[in-house]
Amino acid sequence: MAVAQALLRKVASAARGLVVACGKIAVLIYEGVGMASLLFDLALSAERMRAVYQGRANRILVQSRDGRRVSVPAHHFRPFLTHEGVYGCFELEFNQAGQLLSLRRLG
């Protein structure tokens, strides 16, 4: 975690542009680069995901590896749901306007 934070500080100091995207999500975007991403680890049991299917929850709050919190619509995690739940390292990609472009599991 400390290594990731140090790297983020180094990148932030070298960045030519800083864009606040998607409301409260601050994302570093270099000039000329169209996407920003957040990495996070997720461990949700099948029991916890059941709340989504029962209509008691429709968003999942995740914390990125650099400490930012993001509320993601739960339906984006359906492709990754197994009998055990949703587990793994994920990457969210955003465009410069802060719109979600993709969610993918890295491992």
Side-chain angles (χ1 to χ4, degrees):
M1 182 80 164
V3 173
Q5 289 174 341
L7 180 60
L8 183 62
R9 280 192 291 275
K10 184 175 181 180
V11 170
S13 66
R16 288 179 269 161
L18 177 65
V19 174
V20 177
C22 199
K24 297 180 182 176
I25 304 170
V27 182
L28 284 173
I29 300 176
Y30 288 100
E31 289 179 16
V33 176
M35 284 188 286
S37 63
L38 295 173
L39 294 177
F40 63 94
D41 299 298
L42 186 63
L44 279 177
S45 68
E47 182 65 32
R48 299 279 309 226
M49 283 298 290
R50 188 170 307 174
V52 172
Y53 288 99
Q54 292 174 343
R56 296 178 304 167
N58 62 359
R59 301 187 75 78
I60 296 173
L61 182 63
V62 300
Q63 185 168 351
S64 69
R65 288 185 175 178
D66 63 2
R68 292 176 277 175
R69 292 183 184 194
V70 181
S71 178
V72 182
H75 71 272
H76 290 296
F77 293 98
R78 285 185 184 146
F80 309 107
L81 181 61
T82 67
H83 289 293
E84 289 79 32
V86 180
Y87 294 89
C89 174
F90 292 86
E91 179 182 44
L92 285 169
E93 290 184 320
F94 300 91
N95 65 14
Q96 287 183 338
Q99 298 167 323
L100 180 63
L101 296 176
S102 70
L103 170 66
R104 64 186 179 119
R105 183 181 1 223
L106 301 177

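Residues forming a salt bridge (charged side-chain N to carboxylate O under 4.0 Å, His left out) with E84 (at least two apart in sequence, or on another chain): none. Partners of R59 according to the salt bridge (charged side-chain N to carboxylate O under 4.0 Å, His left out) rule, which considers only residues two or more places apart in sequence or in another chain, do not exist here. Residues passing the side chain to side chain donor-acceptor pair (under 3.5 Å) test with R50, sequence neighbours excluded: E47. The ring pair (Phe, Tyr, Trp, His ring centres under 6.0 Å) check on F90 picks up F40, F77, F80, with sequence neighbours excluded. Considering only residues two or more places apart in sequence or on other chains, A51 meets the side chain to side chain contact (heavy atoms under 4.5 Å, CB included) condition with R56, A57. Remark: R78 pairs with no residue by the salt bridge (charged side-chain N to carboxylate O under 4.0 Å, His left out) rule, at least two apart or across chains. Residues that satisfy the side chain to side chain donor-acceptor pair (under 3.5 Å) test with D41, not counting sequence neighbours, are R65.
Across L92 and V72, no two heavy atoms sit closer than the pair CD1-CG2, 3.8 Å. A pairwise comparison of heavy atoms in H76 and L103 identifies O-CD2, 3.4 Å as the closest pair.
Apart from L106 itself, the hydrophobic cluster it occupies contains L39, where clustering links Ile, Leu, Val, Met, Phe, Trp and Tyr at side-chain heavy-atom distances under 4.5 Å.
Applying the salt bridge (Lys or Arg N to Asp or Glu O under 4.0 Å) rule to pairs touching residues 94-107 yields E91-R104, sequence neighbours excluded.
Cluster annotation: L38 is not connected to Y87 through the hydrophobic network of ILVMFWY side chains, with a link wherever side-chain heavy atoms come within less than 4.5 Å.
For the atom pair CZ of F94 and CG of L100, the computed distance is 5.5 Å after rounding to the nearest 0.5 Å. Here L101 contributes atom CG and Q96 contributes atom CD; the two are 10.5 Å apart, rounded to the nearest 0.5 Å.
Proximity of V86 to R48: side-chain heavy atoms (C-beta onward) are nowhere separated by under 4.5 Å.
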Test side chain to side chain contact (heavy atoms under 4.5 Å, CB included) on H75 and V52 and set out the steps. CA-CA 8 Å; H75 71 272; V52 172; over 6 Å; no

